[in-house]
*Asks:* 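Below is one structure. I have some questions about it.
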Amino acid sequence: MIDDGHAEPTGPLDEAVSAFVEDFAYAWGAAGNPRMEGRVLALLLIVDEPYLSSARIADLLQASAGAVSMSTRALVNLGFLKRHAIPGDRSHYFRTEDDVWGGFLAGERDYVRRINSTLEFGLDVLPEDASRPRTRLTNALRYMTWLVGHHRKMLAEWQEYRDSTAGAAPGGAAGETPVEPARREVGS
């Protein structure tokens with residue numbers, strides 16, 4: 001590895017961090033997503049490092065290189081992770097933004113734009129007398145067009161909320177009583 005002044009964490013994850021990673025992965029999986037993606041994202045959210053190599057991710061999570069590769073690829077495509085390059089180093093590195101959820105929302109808009117284009121193509125290739133498929137595609141296109149506008153509004157509202165609560169405790173806006181997060185006993 002090229003020495004860029006960055007030292008990756010050494011040794012296994014401590015018990016509390018490992019519990020967070022697995023709990024996050026469970027919640028991620030309960031939403032219908034692959035648990036391994038949740039483990040990778042949780043790790044990059046909680047480590048105090050600017051980026052980690054895919055090999056180090058695999059080591060810390062005790063996971064196969066293939067599982068990490070598939071998960072990082074999916075998370076990059078979804079907008080949750082960013083690739084990080086070190087000149088002269090062929091290893092793969094990944095990081096999260098400080099506002100990973102705002103980045104996801106912005107990335108989701110790109111997905112919606114791509115779907116819009118595909119739906120427009122579908123309408124172009126349909127015969128004019130195909131009224132039911134045309135109605136379905138038209139409604140899908142209208143929905144996606146509305147969603148793009150809604151994403152802009154949601155992202156602006158999120159950024160305003162994020163900035164207004166910057167000095168507040170997690171879970172509460174400035175001047176509000178924060179909701180205490182559920183505490184879990186490590187090892188239970």
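Here, residue 1 is the first one in the sequence, and each next residue gets the next number.
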*Asks:* Nearest 0.5 Å, what's the CD1-OG1 distance between I115 and T145?
*Replies:*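 Reported value, rounded in 0.5 Å steps: 12.0 Å.
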*Asks:* Looking at every heavy atom in both W158 and D99, which two are closest together, and how far apart are they?
*Replies:*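 Residues W158 and D99, closest heavy atoms: NE1-OD2, 2.9 Å.
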*Asks:* How many angstroms lie between atom CG of L41 and atom CD1 of I46, to the nearest 0.5 angstrom?
*Replies:*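 Going from CG on L41 over to CD1 on I46, the span is 11.5 Å.
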*Asks:* Would a distance-only check, ignoring hydrogens and angles, find a side-chain to backbone donor-acceptor pair under 3.5 Å from R95 to H84?
*Replies:*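 No; judged by distance alone, with no hydrogens or angles, the pair does not exist.
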*Asks:* Which of parallel (below 30°), tilted (30 to 60°) and perpendicular (above 60°) describes F24 and F20?
*Replies:*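 Tilted.
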*Asks:* Testing the basics here: between S71 and M36, what is the closest heavy-atom pair and its distance to 0.1 Å?
*Replies:*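 Heavy atoms of S71 and M36 come nearest at OG-CG, 3.2 Å.
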*Asks:* How close do L61 and R39 get, heavy atom to heavy atom, and via which atoms?
*Replies:*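 Scanning both residues completely, I find the closest heavy atoms to be O-NH2, 2.7 Å.
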*Asks:* Counting only heavy atoms from other residues, nucleotides and ligands, does the tally under 6.0 Å from CG of D14 exceed 12?
*Replies:*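 Correct, the count exceeds 12.
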*Asks:* Can you check whether Y161's main-chain N or O pairs, donor with acceptor, with T165's side chain at less than 3.5 Å?
*Replies:*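 Here the side-chain-to-backbone pair exists.
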*Asks:* Do you know the tightest heavy-atom contact between L126 and A130?
*Replies:*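 Looking at all heavy atoms of both residues, the shortest contact is CD2-CB, 4.1 Å.
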*Asks:* In terms of hydrophobic clusters joined by side-chain contacts under 4.5 Å, are F121 and L137 together?
*Replies:*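 Different hydrophobic clusters.
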*Asks:* Tell me whether E157 at atom CD has more than 12 heavy atoms from other residues, nucleotides or ligands lying less than 6.0 Å away.
*Replies:*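 Yes, because the 6.0 Å sphere around CD of E157 holds more than 12 heavy atoms from other groups.
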*Asks:* I need the Y93 OH to I57 CD1 distance, nearest 0.5 Å.
*Replies:*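 Separation between the atoms: 11.0 Å.
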*Asks:* For the residue pair R134 and P127, what are the closest heavy atoms and their distance?
*Replies:*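 Scanning both residues, the minimum pair turns out to be NH2-O, 3.5 Å.
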*Asks:* Give the cluster check for L75 versus Y26: same hydrophobic cluster or not, with ILVMFWY residues linked at side-chain heavy-atom distances below 4.5 Å.
*Replies:*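 L75 and Y26: separate clusters.
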*Asks:* With under 30° as parallel and over 60° as perpendicular, where do the rings of W146 and Y143 fit, or are they tilted in between?
*Replies:*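 Geometry flag for Y143 against W146: tilted rings.
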*Asks:* With the side chain counted from C-beta on, respond yes when Y51 and I86 share a heavy-atom pair under 4.5 Å apart, and no when they do not.
*Replies:*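 In contact.
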*Asks:* Is there a donor-acceptor contact under 3.5 Å from the side chain of R83 to the main chain of V76?
*Replies:*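 Flag not set: sc R83 to bb V76 has no pair under 3.5 Å.
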*Asks:* Does a salt bridge link R35 with E22, judged by any charged N lying under 4.0 Å from a carboxylate O?
*Replies:*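 Here R35 pairs with E22 in a salt bridge, since their nearest N and O are under 4.0 Å apart.
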*Asks:* Flag yes if more than 12 heavy atoms outside H151 fall under 6.0 Å of its NE2 atom; otherwise flag no.
*Replies:*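 Atom NE2 in H151 is crowded, with more than 12 foreign heavy atoms closer than 6.0 Å.
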*Asks:* Between atom CG of N33 and atom CG of L78, what is the distance when rounded to the nearest 0.5 Å?
*Replies:*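 The distance works out to 7.5 Å.
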*Asks:* State whether the side chain of T118 and the backbone N or O of R114 hold a donor-acceptor pair below 3.5 Å, judged by distance alone.
*Replies:*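 Here the side-chain-to-backbone pair exists.
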*Asks:* Which residue pairs pass the side-chain hydrogen bond (donor to acceptor under 3.5 Å, both in side chains) test with at least one member in residues 124-133, sequence neighbours excluded?
*Replies:*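 Not a single pair qualifies under side-chain hydrogen bond (donor to acceptor under 3.5 Å, both in side chains).
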*Asks:* Mind checking whether L123 and L119 sit in one hydrophobic cluster, side chains of I, L, V, M, F, W, Y counted as touching below 4.5 Å?
*Replies:*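 The answer is yes; both residues are in one hydrophobic cluster.
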*Asks:* Decide yes or no for M144 and V148: does some side-chain heavy atom of the first lie under 4.5 Å from some side-chain heavy atom of the second?
*Replies:*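 The answer is no; the side chains never approach within 4.5 Å.
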*Asks:* Once you round to the nearest 0.5 Å, how far does CG of L52 lie from CG of L60?
*Replies:*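 Output value for this atom pair is 6.5 Å.
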*Asks:* When hydrophobic residues are tied together by side-chain contacts of less than 4.5 Å, even through go-betweens, does V68 share a cluster with M70?
*Replies:*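 No, separate clusters.
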*Asks:* Please report the interatomic distance OG1(T138) to CZ(R136), rounded to the nearest 0.5 Å.
*Replies:*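 T138 atom OG1 to R136 atom CZ measures 11.0 Å (nearest 0.5 Å).
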*Asks:* If every non-hydrogen atom of S64 is compared with every non-hydrogen atom of A67, which pair is closest and at what distance?
*Replies:*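 Heavy atoms of S64 and A67 come nearest at OG-N, 3.0 Å.
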